[in-house]
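Worksheet: one structure, shown below.
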2 protein chains.
Amino acid sequence: MDSKTKLRKAGLRPTKQRIAIADILFNGINRHFTAENLHNDIIQSGKQMSLATIYNCLNKFKNVGLISHLQSLGETYVFDTNVEHHHHFFNEKTGELIDFRPGDIHVKKFPKLPKGYKSSGIDIIIKLIEKN
Amino acid sequence: MDSKTKLRKAGLRPTKQRIAIADILFNGINRHFTAENLHNDIIQSGKQMSLATIYNCLNKFKNVGLISHLQSLGETYVFDTNVEHHHHFFNEKTGELIDFRPGDIHVKKFPKLPKGYKSSGIDIIIKLIEKN
DNA sequence: AAGTAGATTAGAATTGTTTTAAAGTAAAAA
DNA sequence: TTTTTACTTTAAAACAATTCTAATCTACTT
Ligand SMILES: [Mn+2]
Ligand SMILES: [Mn+2]
Ligand SMILES: [Zn+2]
Ligand SMILES: [Zn+2]
């Protein structure tokens with residue numbers, strides 16, 4: 001499916017800029033990227049586009065489910081007085097974080113690691129919403 | 001152990017500001033907080049301290065292991081063309097992210113959730129370093 | 001007590017993201 | 001097809017989080 005069709009189906013107007021972005025993003029290979037990354041790619045390809053447009057488009061794409069964004073713990077740097085290795089519950093409504101001990105969770109099956117690498121740690125976030 | 005001693009043991013000069021911060025942070029109850037949170041607490045308590053000092057102190061505290069900070073995926077907003085639920089390998093050296101499917105990991109024992117809450121999802125990050 | 005390395009501070013700088021408001025464009029209406 | 005309308009792009013400004021600068025201050029050493 002071409003980018004124009006894809007955008008229309010998602011309920012977005014296929015503007016020149018959105019098509020250019022979709023052409024880069026939806027070539028079949030998944031990728032992780034920042035607004036700046038994408039902007040560089042576009043500029044490099046000889047096109048011109050304002051960074052604000054990149055943000056506008058990516059936020060639209062995200063809202064209609066064409067892309068996602070990685071769960072980060074909010075926009076700011078969060079410190080923790082707990083210096084032991086531990087994991088977190090994350091209250092989605094309030095943003096509150098609660099610790100739990102690594103011993104309270106047990107990972108049985110482990111994914112195959114990329115060749116030449118070993119695990120240096122694992123971070124688990126369990127998101128919470130109110131029951132009922 | 002009082003804050004002054006604690007700071008000395010950690011190899012930090014016990015300045016007025018660091019003692020005030022340590023008094024708040026190391027009262028026995030673990031907490032998650034931002035620089036701004038802490039700054040507000042300090043101002044609220046009638047003391048004066050520059051936000052730059054808060055950052056300086058927290059970064060020092062972190063360097064000597066008195067506090068930690070939550071693993072976030074770098075400082076910028078990371079988008080993902082993969083809109084399915086999935087987890088990530090995180091290359092600690094390069095910052096590169098690689099997807100793995102939820103089916104490739106299996107969590108056997110689950111921590112007890114806070115009363116009145118249910119899980120709305122889980123995010124797992126496996127950190128990677130080069131072997132050898 | 002004096003000297004020195006290290007710490008604090010206000011304010012400037014930097015970075016990442018959003019907002020503003022004017023000009024441009026795609027879709028709908030006529 | 002023209003006109004109209006709503007939506008989009010853009011440069012520039014605003015905003016938010018964090019770090020840097022350089023002057024002043026303070027804790028430790030001698
Ligand atoms: Mn970037
Ligand atoms: Mn805050
Ligand atoms: Zn914690
Ligand atoms: Zn991913």
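None of the values given here were measured: they were computed from a predicted structure. In what follows, chains are A, B, ... by sequence order, proteins preceding strands, each numbered from 1. These values consider heavy atoms only, across backbone and side chains, with no hydrogens, waters or symmetry-generated copies.
Minimum heavy-atom separation, L66(A) to F26(A): O-CE2, 3.6 Å.
Atom CG in L38(B) sits about 15 Å away from atom C1' in dT18(D), given to the nearest Å. The interatomic distance linking F33(A) (CZ) with dT17(C) (P) rounds to 12 Å, in whole Å.
Only R8(A), R13(A), P14(A), listed by number, bring a heavy atom of residues 6-27 of chain A to less than 4.0 angstrom from any atom of DNA chain C. Using a 4.0 Å cutoff on non-hydrogen atoms, the parts of residues 43-61 of chain B near DNA chain C are Q48(B), M49(B), S50(B), A52(B), T53(B), N56(B), C57(B), K60(B), ordered by number.
For the salt bridge (Lys or Arg N to Asp or Glu O under 4.0 Å) condition, the pairs that include at least one residue of residues 111-125 of chain A, sequence neighbours left out, are D123(A)-K127(B).
In this structure the side chain of Y77(A) reaches within 4.5 angstrom of the side chain of K62(B), judged on heavy atoms.
Donor-acceptor pairing under 3.5 Å is lacking for the side chains of T53(B) and N56(B). Of the N and O atoms on the side chains of Y117(B) and K93(A), not one donor lies less than 3.5 Å from an acceptor on the other residue.
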Sequence neighbours excluded and cut-off under 3.5 Å, please list the side-chain donor-acceptor pairs for residues 97-106 of chain A, or say none.
unit_1, atom_1, unit_2, atom_2, d
D99(A), OD1, H86(A), NE2, 3.0
D99(A), OD1, H88(A), NE2, 3.1
D99(A), OD1, H32(B), NE2, 2.8
D99(A), OD2, N82(A), ND2, 2.9
R101(A), NH2, D104(A), OD1, 3.4
R101(A), NH2, D104(A), OD2, 3.4

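Looking at residues two or more places apart in sequence or on another chain, you find a ring-ring contact (aromatic ring centres under 6.0 Å, His included) between H85(B) and H87(B). Residues passing the ring-ring contact (aromatic ring centres under 6.0 Å, His included) test with Y55(A), sequence neighbours excluded: none.
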